[in-house]
Asks: 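Below: one structure in structure tokens.
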2 protein chains.
Amino acid sequence: MVTYSADVTDDDLVFKALADPTRRILLDLLFQRDGRTLKDLESGLEMTRFGVMKHLKILEDAGLVVTRRSGREKLHFLNPVPIRMIHDRWIDKYREREVSALLALKAELEEKDRS
Amino acid sequence: MVTYSADVTDDDLVFKALADPTRRILLDLLFQRDGRTLKDLESGLEMTRFGVMKHLKILEDAGLVVTRRSGREKLHFLNPVPIRMIHDRWIDKYREREVSALLALKAELEEKDRS
DNA sequence: TTGACAGGTGACTAAATGGTCACCTATAGT
DNA sequence: ACTATAGGTGACCATTTAGTCACCTGTCAA
């Protein structure tokens, strides 16, 4: 049986982690391509290595990013599970149908806009 | 055509709004039952009316809560659309299948645990 | 029309957060 | 061995944020 450490404020770590724009960009980068190193991620941001490192630690502590060491490198991977749990907290089956339909309609209209 | 202010993006307001535990409780309360007044929401929290009011304003500015006036009362409703957009930002069709399966399995195991 | 009630604003303090730096450890390649 | 490279720690400062309060506006009902 898998146990998640400190159920207590687990969700607080997740939401706090998502609150910073730099950290969301980091997740975007990992969404595009997994398994990046700190050096790699750092090069895409206007910030010192230390800042990026702090952000990655916060993402990792929140469980949004999972890492694996490979020699002197540390590889970073996106973990979508906490994101899904946010979704499920405030969107039940009923609301999900409504929202999906609404967003589909919105996408359709924007598609027409573009043509 | 809608325009957004220069440095504060729409999604930043949403994530900042979700970063506070009190505001998440407010969303939980509205998830249970919509259309509540400030007085109603205030009674469930150990905080002055002013604190709750500030939090509700932040949620409203972020679009997570929509309101309607009725006489001297202001009714609050949960808007699930921004939550869904967070989900869609980092969970594509492929990951969604994986995550759903994983969470379903987890729920199943916890169900067995309880019996 | 008067008093109670629901909601709202601006200023203020204490705590949390983001970013940088000096300095440190461990691995890779020559 | 030794030098460059990848990553890590603790302290520090500037800014942001949560919460409270004195005071104000609008609505209801006797």
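Below, chains carry the letters A, B, ... as their sequence lines are ordered, and counting in each starts from 1.
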Asks: If you count every heavy atom of other residues, nucleotides or ligands that lies below 6.0 Å from B/Arg69 atom CZ, does the total exceed 12?
Replies: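 Yes, because the 6.0 Å sphere around CZ of B/Arg69 holds more than 12 heavy atoms from other groups.
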Asks: Is any side-chain N of the basic residue among A/Glu60 and A/Lys74 closer than 4.0 Å to the acidic one's carboxylate O?
Replies: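 The answer is yes: the pair qualifies as a salt bridge.
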Asks: Ignoring backbone atoms, establish whether A/Lys16 has a side-chain N or O less than 4.0 Å from OP1 or OP2 of C/dA16.
Replies: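 Result: no.
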Asks: Are OP1 or OP2 of C/dG19 and a side-chain N or O of A/His55 less than 4.0 angstrom apart?
Replies: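 Checking A/His55 against C/dG19: at least one side-chain N or O falls below 4.0 Å of OP1 or OP2.
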Asks: Among C/dG7, C/dG19, C/dC23, which is the nearest nucleotide to the side chain of A/Phe50?
Replies: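 So the nucleotide nearest the side chain must be C/dC23.
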Asks: Is a donor-acceptor contact shorter than 3.5 angstrom present between the side chain of B/Lys54 and the base of D/dG19?
Replies: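 A donor-acceptor contact between them is present.
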Asks: Would you say C/dT20 has OP1 or OP2 under 4.0 Å from some side-chain N or O of A/Thr48?
Replies: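 Answer yes for this pair, as a side-chain N or O of A/Thr48 is under 4.0 Å from OP1 or OP2.
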Asks: The side chain of A/Arg72 is closest to which nucleotide in this list: C/dA4, C/dG19, D/dA6?
Replies: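 The listed nucleotide nearest to A/Arg72's side chain is D/dA6.
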Asks: Is there a donor N/O on one and an acceptor N/O on the other, under 3.5 Å, for the side chain of A/Arg49 and the base of D/dG8?
Replies: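 Side chain to base: pair present.
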Asks: Rounded to whole Å, how long is the line connecting atom NZ of B/Lys74 with atom C1' of D/dT25?
Replies: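 Nearest whole value for this atom pair: 14 Å.
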Asks: For the side chain of A/Met53, starting at C-beta, report the closest nucleotide among C/dG18, D/dT9, D/dG19.
Replies: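 Comparing C/dG18, D/dT9, D/dG19 against the side chain of A/Met53, the answer is D/dT9.
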Asks: Categorize B/Gly71 for me: base, sugar-phosphate, or nothing, with a 4.0 angstrom heavy-atom threshold over every strand shown.
Replies: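 Sugar-phosphate, no base atom in range.
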Asks: Identify which one of A/His87, A/Glu96, A/Arg84 satisfies the side chain to side chain donor-acceptor pair (under 3.5 Å) criterion when paired with B/His87.
Replies: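 Among the candidates, only A/Arg84 passes.
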Asks: Heavy atoms from C-beta onward define the side chain here; which of D/dG7, C/dG8, C/dT20 lies closest to that of B/Arg69?
Replies: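 The listed nucleotide nearest to B/Arg69's side chain is C/dG8.
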Asks: Starting the side chain at C-beta, find the nucleotide from D/dA11, D/dG7, D/dA18 nearest to B/Ile58.
Replies: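 Side chain of B/Ile58 sits closest to D/dA18.
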Asks: Is any side-chain N or O of B/Lys39 under 3.5 Å from a base N or O of C/dG7, one able to act as donor and the other as acceptor?
Replies: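 Check fails, no donor-acceptor contact within cut-off.
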Asks: What nucleotide, of C/dG7, C/dA4, D/dA6, holds the atom closest to the side chain of A/Glu73?
Replies: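 Nearest to the side-chain atoms of A/Glu73, counting from C-beta on, is D/dA6.
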Asks: Specify the separation, in whole Å, of atom CZ of B/Arg68 and atom C1' of C/dG7.
Replies: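 It works out to 17 Å between those atoms.
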Asks: Nearest 0.5 Å, please: how far is CD in A/Glu98 from CG in A/Asp92?
Replies: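 Answer for the CG-CD pair, A/Asp92 versus A/Glu98, is 9.0 Å.
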Asks: To the closest 0.5 Å, what do you measure between OG1 (A/Thr22) and CG (A/Leu27)?
Replies: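 Rounded to the nearest 0.5 Å, the OG1-CG separation comes to 11.0 Å.
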